Participant: 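Would you mind keeping the following structure in view while I ask a few things?
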Amino acid sequence: MDSIARSQKIGIYIGKGASYSWIWFVKTFDALGFHNVYFIDENDVCEGVLRHFDCFILPGGDPFQVAEGLETDGLAAIRRFVEEGGTYIGVCAGTYLSIIFHDDPLPWLNFEKVPVNNFSLDPPEAIRMRYKYLVSYQDGYVYHPVRGPLRVTDGTTSFSAPLYGGPPMIAPREYIMLEYEGFEDKTLYLIEEDKAFETMVGYAAGIHIPVGAGQLYLFGPHCEHPQYPRANNYLNDVLVRITPQAEGPGRTATDILRGEKKKRFLKSVKRELSSARIIASGMTDLRWKIGEKIWEDEKITYFLTETWKTIKQLQKHDCLPVEGPSTLISMARRIHVLLSDIRTLSKEGRDTNTEAAELIDLTKLLSKGLFDCYFNYKRRSWMPDGKDCGRDYSGGKCLCMHTVR
Amino acid sequence: MDYLYTEYYLVVDLATGEAEEVELEEEFVQENVGGAKLNMALYEEHKDGDPVVLGTGPFTSTLVPGGCLGVITAKSPVTGNVAHAPITWNAGAELKLSGYSFVVIKNKADNPTYLWLHDEIADFVDASALWGKDVWETVDVIRDEQGEDRIQLLSIGKAGENKLSTAQIMNNYWGDGDRFGFGALFGEKNLKAVAVRGMGELDIDDAEAFIEKTEELLGKVKSALPGKSGLDAIDFADIPDDAKAALKSQLHRVEADFNNPFAYKFFLKYREDPSVMKSTDVEEPGVLISDPMGLAALLKAGVPADAVGEVFEKAFKLGLNPAAVASKLSGKDKDAALAELDSLAESSEAEKFEATFSPFAPSSDRMEAAYIAGICPVLASKVEALNAEMFAELMSIGTGMDFDADAFKM
């Protein structure tokens, strides 16, 4: 694998409104060899960090909450980033957020007018999963005809990719990269199959729009989902088109833990995270509405499981370049306590939305902290000599993050 | 050890509150294989600390049919010799997947303690508030404290706390195969319980060949089983037909261990209609019996068959071995028998009784091999294909190392 070709500096949005699907990007990027990956939130965007990135990814989630988090300044910073030559990749929520699909659009990114075929003033009747089938938008509704895997085609080949609310888009031919080609045995119909077919098939699943000096790549389905290797390869082909040119530091590690310190840190996080995932594994049929997004207990389990796997990988590294180790331990402890509280309150039939909202934020931050640690370490592997450069940087030993080319 | 076992085993010193992870070396496994045999080696290594060793076999928590077994090895207060007792159902499998294939528990804690093993973490938890609680309460409190109902508990009741040789180490709410008074050792050590939850994974050297072999073996196992389950399966225990018939009127369901095709355990309901299969408001509707020899002993002592369930329940709550106290119940009606159990658990006199290598199955080479391999000894006693030659072949495939049938002999 040509590692230099995968040195693009990528920022993944994990701030307010991002769901758990950003972890799919992490897994897939790692597998594809993209290790120059950073995680950024609404504050980072507003502070202007995007100028240090080649590519900004806005993954799945709740576009209303994302817009609320970014506010006017954050949205303007993203627009500026693209106009000045950056690449924006939107998936699902990240796609809705960036296009104009209504005559009176909400003040989102609104790069370009791209109608969607799943907006209606009078949507079809749901046949299942009513609780997550429909989202109101202005005078109408965005509805989700199907969920799960379906076929998409780039005109020459077709492959499977999963859809969890992303749009079928109506775009000029020159913009279209992928079209919805058909359904699969495992496609889950939320409306009658024939109506789902009419809404989806033949419409754009992926589009590419040049904006200013930059590019938009917008997808309905989740080509980043790690269980869809052909879709991942398609995403890879999009990413390698981006010329690495961003300069400046990403986030740096504040501590480099080795030996006993490393062992103690990981043990402390593991202790809390293990207890948390054990409690989570026993939860069933819990569901919370955070913003416009429905969260089920299995999403928490997914976060915890993936974070757990990351710890297992970190155990194998000879050192841990980590930002704020004591904060990460505290987060893990709080996650354990929150899950314990949710279990108790649920048994008593009480509402747990407040605890769940905090839990989701914290699991996201803890995952981010550990993935940061993982990629900080990995980034050394594609440096010319694969070693620390030895320079001091922001109070910690630099792991060559000052050289991002 | 890269395959079939976890990377580490654990040495717990209750006196110092320290838990040391020790790498499970290939050479050590090559020499001692696992289960009762490897436990024995660990016992010898740590015998100055009067250890209780909890261990698993190479096939515990794998797809090998009957791969459920954990083994407790310690010096028996009943016989004065080192002995082995089975851990059936799910606790053995969960122990290995908690990250520790073997746990050596040494010395005595200053205060009542329980060990909480999960994901390569060993926590010492204060059990002062649990001391004096019965086994069922203990299970409920620890599961609630740690937040999961699938946590597996090896614990003691009052009999163990009082260090009686009639005490058993209980498996969740129920009795298991401790015939050696190991419950008294937990009491001696101020150890109320060992709680485990296993969410780990195991690696197999040649996974494809291993699974192929286990599938082939499963076919043989199924064809060798008598097609019986529950009460009908316990044809090796001395239970009169009329007693079986009386018990059948309370029979609710049969149960199997982890990955065991032979469902020899059975649940009796006596506080609600046994045919009710849904969960109801009745909190303690009955009892799970996995101990046919204990059942036989109670019936032989004259405990009426329709009272056996409640006698088991009482014994289980107190952490008493029903087979060991059966003779004390001779000629008593239900209420008197229940009162006698209370009194026995409080007594300071240890009851003398005969301990046996396994409460479940007649002694045989196959059973010995099963105790080393981590296979349910009841199943092994029924199926000829579950023998040392087969285990050696499977272990060689699973580990990439060479084992012969002699390795599966003590």
Side-chain angles (χ1 to χ4, degrees), chain A residues 259-260 262-286 297-298 300-316 329 332-348 352 355-356 359 366 370, chain B residues 2 6-8 10-12 17-24 61 90-91 93-100 114-126 139-153 172 193-203 258 279 281 283:
Chain A
E260 271 305 304
K262 174 198 143 191
K263 207 173 163 186
R264 273 202 304 275
F265 164 71
L266 286 178
K267 200 84 174 173
S268 300
V269 177
K270 270 177 75 176
R271 170 170 283 109
E272 303 298 339
L273 200 59
S274 162
S275 297
R277 78 187 194 123
I278 285 169
I279 298 171
S281 74
M283 288 179 169
T284 47
D285 299 330
L286 289 182
D297 49 54
E298 58 258 40
I300 303 291
T301 306
Y302 182 79
F303 255 123
L304 296 175
T305 304
E306 291 306 321
T307 310
W308 184 258
K309 287 182 190 165
T310 308
I311 289 181
K312 301 293 275 182
Q313 288 173 312
L314 295 179
Q315 281 180 307
K316 294 174 190 158
I329 294 169
R333 191 167 298 138
R334 181 71 186 146
I335 286 169
H336 175 192
V337 169
L338 282 166
L339 272 160
S340 192
D341 289 349
I342 287 172
R343 180 177 184 269
T344 307
L345 292 169
S346 304
K347 274 188 165 179
E348 293 166 1
T352 55
E355 288 76 10
L359 176 68
L366 179 65
L370 295 171
Chain B
D2 292 334
T6 55
E7 197 176 349
Y8 298 101
L10 192 72
V11 179
V12 172
E18 285 172 4
E20 185 193 1
E21 286 179 342
V22 183
E23 196 171 340
L24 186 58
S61 66
N90 296 310
E94 293 260 352
L95 172 66
K96 187 187 269 186
L97 297 178
S98 77
Y100 303 115
Y114 76 83
L115 275 180
W116 168 217
L117 309 177
H118 55 113
D119 285 330
E120 298 167 350
I121 301 285
D123 287 329
F124 296 77
V125 187
D126 178 24
V139 171
D140 288 342
V141 169
I142 293 177
R143 284 180 172 172
D144 199 46
E145 201 164 276
Q146 302 304 341
E148 231 278 84
D149 292 340
R150 285 172 292 185
I151 289 169
Q152 301 298 305
L153 269 301
N172 295 329
V194 177
V196 297
R197 179 76 174 102
M199 296 177 71
E201 292 167 356
L202 296 174
D203 287 328
F258 170 86
S279 215
D281 290 340
E283 281 196 2

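If you're wondering where the values come from, they're calculated on a predicted model, not measured in any experiment. Here is the naming used below: chain letters follow the sequence lines, and residue numbers restart at 1 for every chain.
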Participant: Given 3.5 Å as the limit, does a donor-acceptor pair link the side chain of A/D297 with the main chain of A/D285, or not?
Facilitator: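 Yes: the side chain of A/D297 pairs with the backbone of A/D285.
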Participant: Quick one: CH2 on B/W116 to CD1 on A/I278, what's the gap to the nearest 0.5 Å?
Facilitator: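 Between B/W116 CH2 and A/I278 CD1, I get 4.0 Å after rounding to 0.5 Å.
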Participant: In chain order, what residues pass the salt bridge (Lys or Arg N to Asp or Glu O under 4.0 Å) check against B/E21, with sequence neighbours excluded?
Facilitator: A/K267
Participant: If only atom types and distance count, is the side chain of A/R277 paired as donor or acceptor with the main-chain N or O of A/T305 below 3.5 Å?
Facilitator: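 No, because the side chain of A/R277 does not come within donor-acceptor range (under 3.5 Å) of the backbone of A/T305.
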Participant: My understanding is that only residues two or more places apart in sequence, or in another chain, count here; which of them pass side chain to side chain donor-acceptor pair (under 3.5 Å) with B/R197?
Facilitator: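 With sequence neighbours excluded, B/R197 shows a side chain to side chain donor-acceptor pair (under 3.5 Å) to B/E94, B/E148, given in chain and number order.
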Participant: May I ask you to test the B/R143-B/L153 pair for a side-chain heavy-atom distance under 4.5 Å?
Facilitator: yes
Participant: For chain B, which residues from residues 268-276 of chain A have at least one heavy atom closer than 4.5 Å to it?
Facilitator: A/K270, A/R271, A/S274, A/S275
Participant: Within the distance-only criterion (no hydrogens, no angle test), does the side chain of B/Q152 pair as donor or acceptor with the backbone N or O of B/R150 below 3.5 angstrom?
Facilitator: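 At least one qualifying donor-acceptor pair exists.
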Participant: Look only at the side chain of B/Y114 and the backbone of B/F124, and say whether a donor-acceptor pair between them is shorter than 3.5 Å.
Facilitator: no
Participant: More than 12 heavy atoms of other residues, nucleotides or ligands under 6.0 Å from CD of B/E201: is that the case?
Facilitator: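 Check fails, neighbour count at 12 or below.
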Participant: Using a 4.5 Å heavy-atom cutoff, which residues in residues 332-347 of chain A come close to chain B?
Facilitator: A/R343, A/K347
